[in-house]
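Accompanying notes for the structure given below.
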Amino acid sequence: MIDIKNITKSFGPLQVLKGIDLHIDKGEVVSIVGPSGAGKTTLLQIIGTLDKPDNGTVVIDGIDTTQLSTDKLSDFRNRHLGFVFQFHQLLPEFTALENVMIPAFIAGKSTKEARQRATELLEFLGLAGRASHKPAELSGGEKQRVAVARALVNNPAVILADEPSGSLDSKNKEELHQLFFNLRDQFGQTFVIVTHDEGLAAITDRTIHMRDGLLEDHD
């Protein structure tokens with residue numbers, strides 16, 4: 001599913017990633033943990049094609065993303081990857097349903113198709129009754145579930161999450177974590193999650209430890 005080979009990345013004189021090799025299987029829920037400055041978010045952004053490595057390759061679903069042009073990369077990102085951030089990043093002027101539909105529109109899907117898929121996802125996530133509400137009218141947990149639905153709308157190969165439960169209380173945090181596993185169990189969804197949450201890292205299929213731009217021992 002994901003094959004990363006010899007990824008390096010520097011920002012000026014600072015080398016953030018120092019040669020990363022990693023394989024992630026389809027349907028795996030993988031957490032990436034480590035101290036601040038270890039390179040976790042940089043690695044996630046490179047897997048997500050939001051940043052380019054200086055060297056190395058990132059192959060997702062058989063496609064070497066490091067060889068794609070800017071236009072093809074944007075299209076690949078929209079169709080193959082879903083993103084969940086610590087702060088939901090919903091657009092405040094749109095309803096929950098409309099927020100979920102946006103990536104489908106970008107992918108060229110019809111309004112009917114986008115609405116049907118978004119409605120199905122909101123129902124699955126227990127948000128059918130909140131579809132017409134704007135973000136300001138939703139709780140923190142509801143907003144993050146809407147963000148998960150938006151990440152799923154184009155049936156991505158991988159969901160990439162950066163501290164997805166970092167802004168949630170304990171109850172909503174546990175519900176969000178359980179949701180990831182429900183999605184994996186029902187749809188074979190692959191997750192790569194950067195987290196400082198030890199509880200989440202402990203229940204993922206595999207925990208990748210990073211320190212100083214390198215992977216430490218990982219199962």
Side-chain angles (χ1 to χ4, degrees), residues 1 26-27 29 41 44-45 47-50 60-61 71-195 197 200:
M1 167 59 70
K26 179 173 172 54
V29 180
T41 294
L44 194 76
Q45 289 175 335
I47 296 172
T49 73
L50 298 170
I60 301 174
D61 248 4
D71 287 347
K72 288 187 176 178
L73 205 55
S74 297
D75 184 62
F76 177 88
R77 190 183 307 125
N78 174 250
R79 293 173 184 275
H80 294 266
L81 304 174
F83 296 89
V84 180
F85 302 99
Q86 178 173 352
F87 300 102
H88 48 81
Q89 308 285 7
L90 300 178
L91 297 175
E93 65 271 30
F94 295 112
T95 66
L97 182 68
E98 290 165 344
N99 266 283
V100 176
M101 291 168 67
I102 289 169
F105 287 143
I106 294 170
K109 294 177 181 172
S110 67
T111 300
K112 180 182 177 183
E113 188 179 2
R115 183 179 296 276
Q116 180 178 348
R117 172 69 174 158
T119 300
E120 287 172 357
L121 285 167
L122 290 175
E123 286 176 359
F124 177 79
L125 298 177
L127 293 168
R130 311 296 278 164
S132 62
H133 290 67
K134 293 185 177 178
E137 303 169 299
L138 302 174
S139 70
E142 287 171 337
K143 283 187 269 203
Q144 203 59 315
R145 277 184 282 156
V146 172
V148 171
R150 179 183 59 190
L152 288 164
V153 73
N154 286 337
N155 297 301
V158 184
I159 297 258
L160 301 165
D162 194 357
E163 298 288 359
S165 55
S167 62
L168 301 179
D169 60 31
S170 298
K171 178 177 179 292
N172 282 306
K173 189 177 291 192
E174 288 178 12
E175 289 179 355
L176 182 68
H177 296 169
Q178 187 54 53
L179 172 61
F180 292 159
F181 289 94
N182 291 346
L183 290 166
R184 189 275 307 276
D185 293 342
Q186 294 202 34
F187 304 114
Q189 188 65 58
T190 307
F191 285 89
V192 182
I193 306 166
V194 164
T195 184
D197 190 303
L200 173 56

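Positions are given from 1 along the sequence.
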Test Ile159 against Phe180 for side-chain contact (heavy atoms from CB on, under 4.5 Å), laying out the working first. CA-CA 10 Å; Ile159 297 258; Phe180 292 159; 5.8 Å; no
- [ ] Please step through side-chain contact (heavy atoms from CB on, under 4.5 Å) for the pair Asp162 and Gln45, ending with a clear verdict.
- [x] CA-CA 9 Å; Asp162 194 357; Gln45 289 175 335; 5.8 Å; no
- Worked check of side-chain contact (heavy atoms from CB on, under 4.5 Å) between Leu183 and Val148: CA-CA 10 Å; Leu183 290 166; Val148 171; 3.9 Å; yes
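No donor-acceptor pair under 3.5 Å is formed between the side chain of Arg130 and the backbone N or O of Glu142. Under a 3.5 Å cut-off, the side chain of Gln144 and the backbone N or O of Gly141 do not form any donor-acceptor pair. The closest donor-acceptor contact from the side chain of Asn78 to the backbone of Pro103 lies under 3.5 Å. Side chain of Thr95 to backbone of His133: no donor-acceptor contact under 3.5 angstrom is found.
In this structure, Val153 and Ala104 approach most closely via the heavy-atom pair CG1-N, 4.0 Å. Thr190 approaches Gly27 most closely through the heavy-atom pair OG1-N, 2.8 Å. What you find for His177 and Leu200 is that their closest heavy atoms are CE1-CB, 3.5 Å. Across Leu152 and Gln189, no two heavy atoms sit closer than the pair CD2-OE1, 3.5 Å. Shortest non-hydrogen contact noted between Leu81 and Gly48 is CD1-O, 3.5 Å. For the pair Leu138 and Lys143, the tightest heavy-atom approach, listed with the atom from each and the gap, is O-CE, 3.5 Å.
To the nearest 0.5 angstrom, Glu123 atom CD is 10.5 Å from Leu125 atom CG. With rounding to the nearest 0.5 angstrom, the CG atom of Asp197 is 9.5 Å from the CD atom of Glu174. Rounded to the nearest 0.5 Å, atoms CZ (Phe76) and CG (Asp71) are 15.0 Å apart. Atom CG of Leu121 sits about 12.0 Å away from atom CE of Met101, to the nearest 0.5 Å. To the nearest 0.5 Å, the span separating CD1 on Ile60 from CE on Met1 amounts to 9.0 Å. With rounding to the nearest 0.5 angstrom, the CG atom of Leu50 is 8.0 Å from the CG atom of Leu44.
Using a 4.0 Å cut-off between charged nitrogen and carboxylate oxygen, Lys171 and Glu175 count as a salt-bridge pair.
Side-chain atoms of Asn182 and Gln178 include a donor-acceptor pair closer than 3.5 Å.
Screening residues 100-111 for side-chain hydrogen bond (donor to acceptor under 3.5 Å, both in side chains), with sequence neighbours left out, gives Lys109-Asn154.
For the salt bridge (charged side-chain N to carboxylate O under 4.0 Å, His left out) test, no residue two or more places apart in sequence or in another chain qualifies with Glu98.
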